[in-house]
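Letters go in sequence order (proteins before strands), and every chain restarts at 1.
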Amino acid sequence: MNITKNLINWYSVNKRDLPWRNTVNPYFIWLSEIILQQTQVAQGLPYYVKFTSKFPTVFDLAKARESQVLKLWQGLGYYSRARNLHASAKYIVNELNGEFPNTYNEIIKLKGVGDYTASAIASICFNEITPVVDGNVFRALSRIYGISTPINTSKGFKEFKALAETLIDKREPATFNQAIMEFGARQCKPKNPDCNICPFNTKCVALQKNKILEFPVKLKSLKVKKKYFNFIVILSSDKKTVLEKREGKGIWQNLYQFPLVETKKTANFLEIEERLKDFSVLKDKSFSLSLYNDVEIVHKLSHQHLHTKFWVVTLDDVLPTGISINKLIEFPVPILIGNFIERFNF
DNA sequence: AACGCGGGGCC
DNA sequence: GGCCCAGCGTT
């Protein structure tokens, strides 16, 4: 039995009709691949539509301001993807005369493009024979071949990349790469795969051993950290508030938020009141403090849980340096803040 | 090699 | 609650 041909046959019958499958324009394929990093198709699809509509060419994207790109990316997460996308667009326009690089070795030089994305673009757009190894490929191959090497190690990556190298169709690398990923996403799913209808069910090593769910093997990651966030929502008499831009390296870089007070444990009224003394815009002003959410909002990221309280400061004065609350919608904000803005009756 | 980085969906 | 998702960059 020929795995390569079986995958391609399976794909010809089962592939979904997705907008980026009707083009080999490298700009569109690049956009789709960045959006789909660590992101399911259902979640990324509306963003692909928005981005291709708002920025039809790499020149349009390069001309935009970073805050516009982040605003359009809002809610999708992993915001460094948006910043790198924008930086690479400017690089392509300014350094490459707007011509998209057309080999794996050139494509991987773009910020935000690693082995997977460079392989995907090079094969799909330029028929380069370079296999993709993503989460779907790890899962499908580890099950079919019964490979127990942990996938999140360099040894594991090399092993799977080499195996994929032997499998890729030399005449149809683009089709093969998309086929094996679609197979992993739709047939060889993480949970409850229907192995009865799988073309490989007679030879799949994991299935023979009845150990489908034990593959792929992955080294466990450490426990998630808890953090305690208190956002200070200032409301002035002239209907303004204060936003700050997140700088530095942490999460949500270059996005906006209400002034943040982080505490070691869940904060109480007195603690927040004390910390407000450091707020220069409140200096010598009269205001009242109240807690918006009695129950902490726990915003779960893959690596930390943010226990969040929103504190409302009502100010009996104007706020010359503040921003009008009806302009709030223009700022790129984390979804945690965006949800608050939607619910809060400003 | 290990870690940080979002948000949503599924079980 | 835990795991996964068309991974990448930094240290």
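- Contacts of V137(A) with the nucleic acid, taken as non-hydrogen atoms under 4.0 Å apart, are absent.
- In terms of position on DNA chain B, the residue among T153(A) and K227(A) whose nearest nucleotide sits closer to the 5' end is T153(A).
- Proximity of residues 71-88 of chain A to DNA chain B (heavy atom under 4.0 angstrom from any strand atom) is restricted to G75(A), L76(A), G77(A), Y78(A), Y79(A), R81(A).
- When heavy atoms are screened at a 4.0 angstrom cut-off, D115(A) is found touching the sugar-phosphate backbone but no base atom.
- Side-chain contact of Q257(A) with E244(A): a donor-acceptor pair under 3.5 Å is present, judged by distance alone.
- At the phosphate of dG7(B), OP1 or OP2 sits under 4.0 Å from a side-chain N or O atom of H299(A).
- Here D194(A) does not pair with K189(A) in a salt bridge; the nearest charged N to carboxylate O distance is not below 4.0 Å.
- If you check dC4(C), dC11(B), dG6(B) against the side chain of N192(A), the one that comes closest is dC11(B).
- Results of the ring-ring contact (aromatic ring centres under 6.0 Å, His included) test with Y48(A) over W30(A), W20(A), F55(A) single out W20(A) as the only residue that passes.
- A close approach under 4.0 Å does not occur between any side-chain nitrogen or oxygen of K189(A) and OP1 or OP2 of dC4(C).
- Residues from residues 20-55 of chain A that place a heavy atom under 4.0 Å from any atom of DNA chain B, listed by number: Q38(A), T39(A), Q43(A).
- Contact record, Y228(A) with K264(A): CD1-O, 3.2 Å, taken as the closest heavy-atom pair.
- Residue K300(A) places at least one side-chain N or O under 4.0 Å from the OP1 or OP2 atom of dG1(C).
- Contact check on R16(A) versus E182(A) returns a salt bridge, with a Lys/Arg side-chain nitrogen under 4.0 Å from an Asp/Glu carboxylate oxygen.
- Taking the side chain of L18(A) as heavy atoms from C-beta on, and the options dC4(C), dA6(C), dG8(B), the nearest nucleotide is dA6(C).
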